[in-house]
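Comments concern the structure below.
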Amino acid sequence: MSSPTYPIAWLLTFLIACGSAAASRAWSDPLPPGWSTRAPRDEIRPDFSFKPQAGPNHTGVFRINHDHREGLDGWFETSFPVTGGDFYRFQALRKTKGVKDPRRSALVRVLWRNDAGQSVPPVDSASAEDDRRTIWIAEPEHPVDGTTDKNGWTTVAGTYRAPNQATHAVVELHLQWAPKGRVEWSDVQLNKTSAPAARPVRLATVHYKPTGKSSRQNCEEYASLIAEAAHQRADLVVLGETVPAVGIKRQVGEIAEPIPGPTTDYFGRLAAKHRLHIVLSLNEREAHAVYNTAVLLGPDGHLVGKYRKVCLPHGEVEAGVAPGKDYPVFDTKLGKIGLMVCYDGFFPEVARELTNRGAEVIAWPVWGCNPLLAQARACENHVFLVSSTYMDTKDDWMTSSIFDRAGKPMATASKWGTVAVAEVDLAKPYVGPYNLGDFRSMTFRHRP
């Protein structure tokens with residue numbers, strides 16, 4: 001009896017259908033034990049699926065798909081046992097497709113719970129710094145995005161201390177507000193780890209206005225003050241704005257110099273002599289253009305980097321100064337340092353862009369500014385800010401201070417020719433107040 005024959009086109013269609021069915025079954029396999037899916041409301045629930053033995057490490061892939069509608073939101077959820085007071089490292093891999101803003105839409109939350117599934121008090125019932133307002137419960141942790149590999153998988157990670165009363169960490173893998181978008185999560189881990197090492201840094205500001213006898217002498221007048229900062233074991237010292245130009249009756253184009261140049265060479269030698277970082281501003285010339293540029297010099301005396309003032313008052317515009325357009329942040333042995341200059345502080349965008357790029361400390365040479373704006377720039381971004389001004393303290397138009405992440409001055413050089421120093425720990429998160437939690441990591445997810 002001869003075998004039946006089928007048209008080739010029919011066979012191809014049959015094989016494709018079988019393959020599609022198999023793929024569909026693979027993505028609809030039951031979830032691993034302990035996992036579930038959630039949504040705030042059924043009407044905004046997205047589509048969930050799971051594929052075992054998939055992903056970069058073959059641990060399986062959790063997928064969430066959104067249709068064309070706005071406002072969908074849902075997540076995969078599981079729970080890990082924890083011991084209160086111990087430190088834990090969360091890590092997962094994420095890949096998105098068609099997601100306009102993965103930072104906001106494809107996020108992880110870690111929630112601390114007790115055996116009854118209830119929220120628990122935080123590690124410390126008061127904030128990490130001097131703002132002692134009440135914190136009632138431990139807010140969700142928001143692991144941050146790290147590097148992305150060549151295959152599009154982004155590491156999302158964070159290290160946290162479990163609150164004393166916590167017995168479980170609930171992990172949520174989200175996709176929200178992403179019409180026609182898709183996220184895949186894989187290799188989800190929460191492992192006990194050691195406490196992060198402290199990162200103490202001594203920040204210093206100088207309160208001094210050069211005499212203006214010459215550009216060179218303006219620079220030299222800071223030498224003894226930098227030596228005093230070094231005597232107080234400062235790691236970073238911030239000086240004033242356009243130091244070589246203060247009091248000099250010459251046009252800005254005549255004073256401007258290249259970077260590297262005479263001023264950075266001079267302060268570079270002082271930085272190397274005292275083994276510290278120095279920040280100041282000067283007028284930079286590049287071909288026909290002149291900028292107001294802040295520089296960061298390292299303890300080896302070399303130029304770490306520079307930032308060109310973005311926001312220019314009318315006086316600088318009328319003098320032909322050009323604005324910068326970039327927001328560099330410099331990764332030093334102290335931490336991530338951003339720079340801004342004077343009028344930049346009147347606008348929230350500059351400090352926010354530096355924070356978006358990871359700045360932990362913002363150094364700010366500033367002729368004068370409303371001191372409330374210094375507090376705002378620090379507290380709205382939860383960064384340490386170091387200002388050095390030419391205004392007298394009694395004028396209440398800026399101070400030479402170190403501001404903490406709550407926006408409060410930790411130390412101020414109130415008398416002319418003095419140095420103020422404050423020690424901070426960049427490894428210690430600022431938690432609070434009033435249940436904001438670790439707002440710095442939340443800002444990464446929640447900002448517009």
Side-chain angles (χ1 to χ4, degrees), residues 205 210 215 218-219 222 236-246 248 250-268 271 277-298 301-332 334-369 373-374 377 381 383 385-390 398:
T205 179
S215 293
N218 279 0
C219 298
Y222 278 99
L236 168 71
V237 58
V238 179
L239 315 181
E241 181 183 13
T242 57
V243 167
V246 176
I248 306 298
R250 295 166 59 197
Q251 296 297 315
V252 66
E254 299 173 326
I255 298 174
E257 60 185 88
I259 296 176
T263 296
T264 55
D265 288 348
Y266 175 75
F267 283 106
H277 294 75
I278 296 176
V279 172
L280 72 146
S281 146
L282 66 148
N283 290 119
E284 176 193 11
R285 172 176 288 279
E286 184 176 79
H288 63 282
V290 171
Y291 303 92
N292 185 342
T293 302
V295 294
L296 172 63
L297 300 158
H302 295 157
L303 177 70
V304 177
K306 64 184 182 180
Y307 159 79
R308 290 169 171 169
K309 185 177 179 181
V310 170
C311 301
L312 300 180
H314 58 80
E316 286 186 298
V317 175
E318 292 164 3
V321 176
K325 58 184 178 181
D326 300 317
Y327 304 91
V329 171
F330 307 104
D331 197 353
T332 74
L334 306 180
K336 295 182 182 297
I337 298 174
L339 312 176
M340 65 181 190
V341 181
C342 197
Y343 199 53
D344 287 330
F346 283 85
F347 306 93
E349 290 84 358
V350 176
R352 176 49 54 87
E353 287 301 320
L354 294 172
T355 305
N356 291 347
R357 289 157 175 76
E360 299 169 293
V361 177
I362 295 178
W364 187 27
V366 47
W367 197 291
C369 183
L373 295 178
R377 300 296 85 86
N381 295 295
V383 297
L385 185 146
V386 187
S387 62
S388 178
T389 183
Y390 298 140
M398 205 52 235

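Values below: every heavy atom of this structure, side chains too, minus hydrogens, waters and symmetry copies. Note that this is a predicted model, so its numbers are computed, not measured.
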| Can you tell me how far CD1 of Ile259 sits from CD of Glu284, rounded to the nearest 0.5 angstrom? | 4.0 Å
| remark: Rounded to the nearest 0.5 angstrom, the CG-SG distance for Leu312 and Cys342 is 10.5 Å
| field | Beyond-backbone contact of Leu239 with Val237, side-chain heavy atoms, under 4.5 angstrom | value | yes
| query | In Å and rounded to the nearest 0.5 Å, what is the OG1 to OH distance from Thr293 to Tyr307? | reply | 9.5 Å
| query | After noting the C-alpha distance and the side-chain angles of Met340 and Leu385, does the key distance pass the side chain to side chain contact (heavy atoms under 4.5 Å, CB included) rule? | reply | CA-CA 10 Å; Met340 65 181 190; Leu385 185 146; 3.9 Å; yes
| Are Glu241 and Val366 side-chain neighbours, meaning at least one heavy-atom pair lies under 4.5 Å? | no
| Minimum heavy-atom distance between Ala294 and Val341, given as atom pair plus value | CB-CG2, 3.7 Å
| message | With heavy-atom distances below 4.5 Å as the criterion, would you say the side chains of Arg377 and Pro348 are in contact? | response | yes
| Flag if over 12 foreign heavy atoms under 6.0 Å of CD, Gln251 | no
| Taking Trp364 for the side chain and Leu339 for the main chain, is one N or O donor matched with an acceptor at less than 3.5 Å? | no
| Is Arg357 positioned over the aromatic face of Tyr327, cation under 6.0 angstrom from the ring centre and no more than 45 degrees off axis? | no
| Where the side chain of Glu360 meets the backbone of Lys336, is there a donor-acceptor pair that is under 3.5 Å apart? | yes
| query | Taking the side chain from Thr389 and the backbone from Trp367, do they hold a donor-acceptor pair closer than 3.5 Å? | reply | yes
| message | Looking at every non-hydrogen atom in both residues, tell me the closest pair between Asn218 and Val243 and how far apart they are. | response | ND2-O, 3.0 Å
| query | When you measure from the side chain of Arg285 to the backbone N and O of Gly253, does any donor-acceptor pair fall under 3.5 Å? | reply | yes
| Which atom of Glu254 lies closest to which atom of Arg250, heavy atoms considered | O-NH2, 3.0 Å
| Student check: side-chain heavy atoms of Cys219 and Pro244 closer than 4.5 Å | yes
| remark: In short, Asp344 meets Cys311 closest at the heavy-atom pair OD1-N, 2.9 Å
| task | Determine whether Ile255 and Thr242 make a side-chain contact, defined as any pair of heavy atoms from C-beta on separated by less than 4.5 Å. | result | no
| query | Does a side-chain heavy-atom distance below 4.5 Å link Leu296 with Leu236? | reply | yes
| Heavy-atom distance under 4.5 Å between the side chains of Leu282 and Phe267, does that happen here? | no
| OG1 on Thr264 to NE2 on His302, rounded to 0.5 Å | 11.0 Å
| Tyr343: ring-ring contact (aromatic ring centres under 6.0 Å, His included) partners, not counting sequence neighbours | Phe346, Phe347
| Where is the tightest heavy-atom contact between Pro210 and Val246, given as atom of each residue plus distance? | O-CG1, 3.8 Å
| query | Taking all atoms of both residues into account, what is the closest heavy-atom pair of Ala351 and Asn381, and its distance? | reply | CB-ND2, 3.6 Å
| Within a strict 4.5 Å, meaning less than it, do heavy atoms of the Leu280 and Leu297 side chains meet? | yes
